[in-house]
Amino acid sequence: MRMSRLLVRTLREAPADAEVASHQLLVRAGYIRRLASGVYTFLPLGLRVLHRVEQVIREELDAVGCQELLMPALHPIELWEQSGRAAMFGSDALPAMTVEARGGTFVLGPTHEEVVTVTVSAEVESYRQMPLTVYQFQVKFRDEARPRFGLLRTRELIMADAYSFDVDKEAMQSSYQTVFDAYLRIFERLGLHVTPVEAESGAIGGDVNHEFMVPSAVGEDHFVSCASCGYAANVEAATRGVARVAAGGGGPTSAGPVVEHHTPGRPGITDVVAYFADQGATAADFLKSLAVFDADGRPTLVLVPGDREARLPSGWRLFEDADFDSNPSLVKGYIGPSGQQEHGIRVVADTGISRPGPWITGANRPDHHMTGAVLDRDFNVDAWGSFAEVVSGDACPHCGGAVELVRSVEAAHTFQLGHKYSEVMPGSTFVAADGGEATFSMGCYGMGVSRLLAVVAEEHHDERGLAWPPEVAPYQVHLAALGAGRSPEVGAAADQLYGQLIAAGVEVLYDDRDVSPGVKFADADLLGTPVRLVIGAKGLARGVVEWRSRATGEERELPMDGVVATLAGG
RNA sequence: CGGGACGUAGCGCAGCUUGGCAGCGCGCCUGCUUUGGGAGCAGGAGGUCGCGGGUUCAAAUCCCGCCGUCCCGACCA
């Protein structure tokens, strides 16, 4: 491609709305342009990178027997009503957009489990046709509450999504592992350091699932990582290695009686800690009590150590003001666990509070707290679990080593769905080996392709611009002719070399513009093509071309007649 | 959806406090000179000052409403 003809405009300054490096550089280098908040056009250079990323994914999925197809972006809303997920629209769990059209109401597809389930079940009738894994590259729509960071969080995104269909759970797990391994190879080829972590399944559902995390300073997620045993989990799903103290064991036996204290106007933990500070109390001596509804909608009290943030399981939600009115035993701001079971409130607790105490906690009376509360004497716990947020330095739940918190971007998410969709979508059955009817065991696998552009750019750039790994670069070679306007020899040599490289199958971007050398160098650095070739009058007189690596800065001179062989071979 | 900031030429910004010719840098066009790390000189084009209303002789500037954009939070591939 001749740069004089390429639809690209480089910017010396980034737009004010670009915050992170990948966003600034992709815009400055002319790869993308914003159309609306969270909605971007891919200009020719950006589209080439997108296609390169897709090709890597395509090759690795095809290599393990997956088949590409393309499903509609527009879904009849009836499909979503059948799966029950239409009820999640408008909620935070599954922000979706709908379109009223002549044919009825359609959903701008946020994900494709419903469509793929009815599509495949219409074609597959026998266990003999499985295992089967299909995938597509398709635009997904999310009614994103807050688009940000350029391509990292958008309202319209390009995703590679795969779906496996198997005869039973064991076969599904095998298919899952196959795609999982292919994903690892994809990230390897993209030059990304990825860590698969245990995760929450969210709106997609299912049992086992993993997120593929790329550590990054601009990440919006954190995962917990144990260096000694390899345990890795999203903080949303991570647990702490805190053993429950056996009943009656450890702790003070000299605990005194429970004493109530008048603590007006101190509903928050920090306020109360300050009140009791003169008695030597710290936040760790408090029970933090949260009134919630569990996933089944039962009123529940969650207890965590006062120095910890609570982390609720998915599907649980905090009380709102009206909920306190209907549960008078829980006094907002002064909640305590004592006697709650008598009022039909279930009490669950983080293992971090399993020592007897004494504890300081709310007295279930307005403006009152109590000291000296002892576990199993003054309050009871119905179930133990991990309800506190994990922080760096906590014990690993598997080996007890210290875990570390890593900031990261979620690049992909894989799920073992089992029967979640096949048992609710009509007709999703096949004839099993025994002649009976059976339900598909499914898996689904999503990778944000447009997001990956940003992730790769985040990991591969410097202060001068982008530096693409060869696997995803829009062009392999950036050929710059210096001073061709005043030296016909340079122009002719560059034209000839350009033609030879194309003939040899090398993807080359040829800067044939009549601009100063400084501009050409600066643009070459900004665009980030892996190899830069420079032809100038000085080198040409000696029969050499300058070769330079964008990533390493390494430079050498190549004899003019050996350039094509060197680049085509490498 | 809560909190904050911003909106003036393609991009970056000044002007607003104290109402009075719409500006600067980069980019773009023409010509000449220049040419190894974002050249120089000369000339030129380009604006619904986000939108609507109000105050005023007069509004980019003051007031009200709306829209948009970004940041923090909540939520998510």
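Computation of the quantities below employed the complete heavy-atom set of this structure, encompassing side-chain atoms and omitting hydrogens, waters and symmetry-equivalent molecules. A, B, ... follow the sequence lines: proteins, then strands. Residue 1 opens every chain. Keep in mind that this is a model prediction, so the values were computed, not measured.
Rounded to a whole Å, the CD atom of A:Glu19 is 14 Å from the P atom of B:rG12. One can place CZ of A:Phe149 at 11 Å from C1' of B:rC70, the figure rounded to the nearest angstrom. A:Glu144 places its CD atom 13 Å from the C1' atom of B:rC1, with the value rounded to the nearest Å. For the pair A:Glu555 CD and B:rG37 C1', the interatomic distance rounds to 11 Å; values are reported in whole Å. Counting to the nearest Å, the P atom of B:rA74 and the CZ atom of A:Arg311 are 15 Å from each other. The distance from atom CG of A:Asp514 to atom P of B:rU30 is 12 Å, rounded to the nearest whole Å.
Base engagement by A:Arg532 is indicated by at least one non-hydrogen atom pair under 4.0 Å involving a base atom. In this structure, A:Gly536 reaches the bases: a heavy-atom distance under 4.0 Å links it to at least one base atom across the strands shown.
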message: Can you build the contact string for nucleotides 38-46 of chain B? Use B for base contact, S for sugar-phosphate-only contact, and - for no protein heavy atom under 4.0 Å.
response: BS-------

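Atom name C1', nucleotides B:rC26 and B:rC71: the rounded distance is 26 Å, in whole Å. Rounded to whole Å, the C1' atom of B:rG47 lies 15 Å from the corresponding atom of B:rC11. Atom C1' of B:rC63 sits at a distance of 26 Å from the matching atom of B:rG23, rounded to the whole Å. Comparing the P positions of B:rC6 and B:rC13 gives a spacing of 13 Å, expressed to the nearest Å.
Residue A:Arg146 places at least one side-chain N or O under 4.0 Å from the OP1 or OP2 atom of B:rC72.
Nearest nucleotide to the side chain of A:Pro15, out of B:rC71, B:rC1, B:rG12: B:rG12. The side chain of A:Glu13 approaches B:rG12 more closely than any other nucleotide in the set B:rC75, B:rU35, B:rG12.
Listed by chain and residue number, A:Lys288 satisfy the salt bridge (charged side-chain N to carboxylate O under 4.0 Å, His left out) test with A:Glu309 (two or more places apart in sequence, or in another chain). Applying the side-chain hydrogen bond (donor to acceptor under 3.5 Å, both in side chains) criterion to A:Asp17, with sequence neighbours excluded, gives no partner residue.
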